[in-house]
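Each remark here refers to the structure printed beneath this line.
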Protein chains: 2
Amino acid sequence: MRGAETRTEIVGAADRLFYQGGFAHTSFADIAAAVQIARGNFYYHFKSKDEILEAVIARRLERTTALLAQWDEANPTPRSRLSAFVRLLAVNGDKIMAYGCPVGSLATELSKLMHEARGPAVALFDLFRDWLAEQFRALGCSEPEAQALHLLMRSQGIAVLANAYRDPAFVAREMAAMEDWIDAAITPQRPAIP
Amino acid sequence: MRGAETRTEIVGAADRLFYQGGFAHTSFADIAAAVQIARGNFYYHFKSKDEILEAVIARRLERTTALLAQWDEANPTPRSRLSAFVRLLAVNGDKIMAYGCPVGSLATELSKLMHEARGPAVALFDLFRDWLAEQFRALGCSEPEAQALHLLMRSQGIAVLANAYRDPAFVAREMAAMEDWIDAAITPQRPAIP
DNA sequence: GTCTATATCTCGATAGAC
DNA sequence: GTCTATCGAGATATAGAC
């Protein structure tokens, strides 16, 4: 029963290497070196490289779902849950500055490769979008989906520029701006001239 | 003197193919098929694939500089110039939904490849950042560089999600939100309690 | 299950005829 | 300047011993 364990290690290493170096640029030799197994051994666990990618995306979907559930548990109010999302940019700050956002960069790469796994990769965005929309809905906002996509859009823009410029001050400033935008978005609108 | 013409065609085709399919995934065979020359002929014009990438980035820097100058000429006010930047998302809407932003996706890819041309690719961001900051400065804003990076951040986030979801309504909505943000940013602040 | 050895392909790059 | 022919490296994938 060592097999299942090896398979898990392969998927974990592939997940990390696909994030750090991209899917196409990561070879079996790279993964084999990380897991310390022979190249030929891959094909006992996976039929092809695309099948490893499928498993990596499935793993990310599981872990993201678990992360969102953990955020639900740790934060009692929808407002504090939105802050948990914003804080992810700080928690993963160093990785984002080095490699960008794992969700966005994979979706962009698979789009350019016209890879069939592009759809499943975009499903990772769906998880965040639906969870964010749920929070805005709970706060009584009028357009929870649009507001969810707006926050997702900001996180992606921040990740791209954080990776380009590698400036922690930029990330901190834009995180604060996200918090301000959230506060304004969930404040009931008053007419300009009362 | 056909040589210079061929070189220009190679760089133009490489520019388009690097954008559509990514740098690493685009082969000499792909470029050769587009320009209709033999593979071996590349090495009369370029020493290596990296040298073609250098030429592509140089071409993009030139063309972006020309675009910004054209925006300056066509728009008399700094405010209308900022709108020209926003409108780029609509002008290139179909390409962005299909391939993402050419600047952001190249910078992200070269970062993952740890390619030496990452710096020159990020210089494309600098052109937009400095030009945007110039407009905010002309409008008397207090933090023109930060505001420039904020607009750049939004355009990148919109491009990533536009490529993921391919929803023109999302792009249109976020373009309008960018215009609203600009109007609020350039409005002289009044104290909350007059 | 894991290994070694190898087949097959594509890539970037080179050599030399024209 | 452009071509054909080809090299060597590295990729995915397969075959078969253990």
Side-chain angles (χ1 to χ4, degrees), chain A residues 1-57 106 109-110 112-118 120-121, chain B residues 1-59 106 109-110 112-118 120-121:
Chain A
M1 279 304 286
R2 163 84 178 143
E5 209 172 300
T6 300
R7 190 197 142 98
T8 302
E9 282 178 33
I10 291 174
V11 177
D15 190 350
R16 180 173 55 82
L17 292 171
F18 287 174
Y19 173 39
Q20 294 175 348
F23 167 68
H25 183 246
T26 300
S27 68
F28 280 179
D30 296 327
I31 305 173
V35 186
Q36 290 186 327
I37 60 169
R39 283 191 301 279
N41 195 6
F42 280 106
Y43 296 88
Y44 174 78
H45 302 279
F46 301 96
K47 202 172 58 191
S48 68
K49 190 181 177 185
D50 287 348
E51 221 170 63
I52 298 183
L53 176 62
E54 276 181 48
V56 166
I57 294 175
L106 182 65
E109 179 182 6
L110 297 183
K112 282 189 194 290
L113 300 180
M114 290 192 296
H115 197 288
E116 59 180 0
R118 188 187 81 90
Chain B
M1 277 306 285
R2 161 85 180 145
E5 208 173 302
T6 300
R7 191 197 142 97
T8 303
E9 282 178 31
I10 290 173
V11 177
D15 190 349
R16 180 172 56 83
L17 292 172
F18 288 174
Y19 173 39
Q20 295 175 347
F23 167 68
H25 183 247
T26 300
S27 68
F28 280 178
D30 295 329
I31 305 173
V35 186
Q36 289 186 327
I37 60 170
R39 282 190 300 281
N41 194 7
F42 281 106
Y43 295 88
Y44 173 79
H45 302 279
F46 302 95
K47 203 172 57 192
S48 66
K49 190 182 177 183
D50 287 349
E51 224 171 61
I52 298 183
L53 177 61
E54 276 181 49
V56 166
I57 294 174
R59 172 189 151 107
L106 182 65
E109 179 181 6
L110 295 183
K112 283 189 196 288
L113 300 180
M114 291 191 295
H115 197 287
E116 58 180 0
R118 188 187 81 90

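Chain naming here is simple, since letters A, B, ... match the order of the sequence lines and numbering starts at 1 in each.
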### Message
Quick one, A:Thr6 and A:Tyr44 - any side-chain contact, counting heavy atoms below 4.5 Å?
### Response
no
#### Entry: Rounded distance in Å - CZ (A:Phe42) to C1' (D:dA13)
12 Å
### Task
Round to a whole Å and report the spacing from CD1 of B:Ile37 to P of D:dC3.
7 Å
### Task
Calculate, to the nearest 0.5 Å, the distance between atoms CD and CE belonging to A:Gln20 and B:Met114 respectively.
8.5 Å
### Task
Please tell me which of the listed nucleotides, C:dG1, D:dA13, C:dG12, lies nearest to the side chain of B:Tyr43?
C:dG12
### Task
Starting at NE2 of A:His45, measure out to OG1 of A:Thr8 and round the result to the nearest 0.5 Å.
9.5 Å
### Query
If you take all heavy atoms of A:Ala121 and A:Leu106, which pair is closest and at what distance?
CB-CD2, 4.2 Å
### Query
Taking OP1 and OP2 of C:dG12, is either one under 4.0 Å from a side-chain nitrogen or oxygen of B:Ser48?
no
### Message
Could you measure the distance from the CD1 atom of A:Ile37 to the CD1 atom of A:Ile10? Nearest 0.5 Å is fine.
### Response
4.0 Å
### Message
Less than 4.5 Å apart, side chain to side chain, heavy atoms only: is that true for A:Ile31 and A:Phe18?
### Response
yes
#### Entry: Between C1' of C:dT14 and CD of B:Glu51, the distance in whole Å
15 Å
### Message
Short of 4.0 Å, heavy atom to strand atom, which residues of residues 8-31 of chain B count as contacting DNA chain D?
### Response
none
### Message
For the CD atom of B:Gln36 and the CG atom of B:Asn41, what is their distance to the nearest 0.5 Å?
### Response
13.0 Å
### Task
Report yes if at least one side-chain N or O of B:Tyr44 is closer than 4.0 Å to OP1 or OP2 of D:dT2; otherwise report no.
no
### Task
For A:Lys49 and C:dT10, give me the distance from atom NZ to atom C1', rounded to whole Å.
13 Å
Distances for protein N/O vs nucleotides 4-9 of chain D N/O pairs under 3.5 angstrom?
none

### Message
In the structure I gave you, are the side-chain heavy atoms of A:Leu110 and A:Leu53 within less than 4.5 Å of one another anywhere?
### Response
yes
### Query
Should the ring pair B:His115 and B:Phe23 be called parallel, tilted or perpendicular, given that the plane angle runs from 0 to 90° and is split at 30 and 60?
perpendicular
## Note on the structure
When rounded to whole Å, the CZ to P distance for the pair A:Arg7 and C:dG1 reads 12 Å
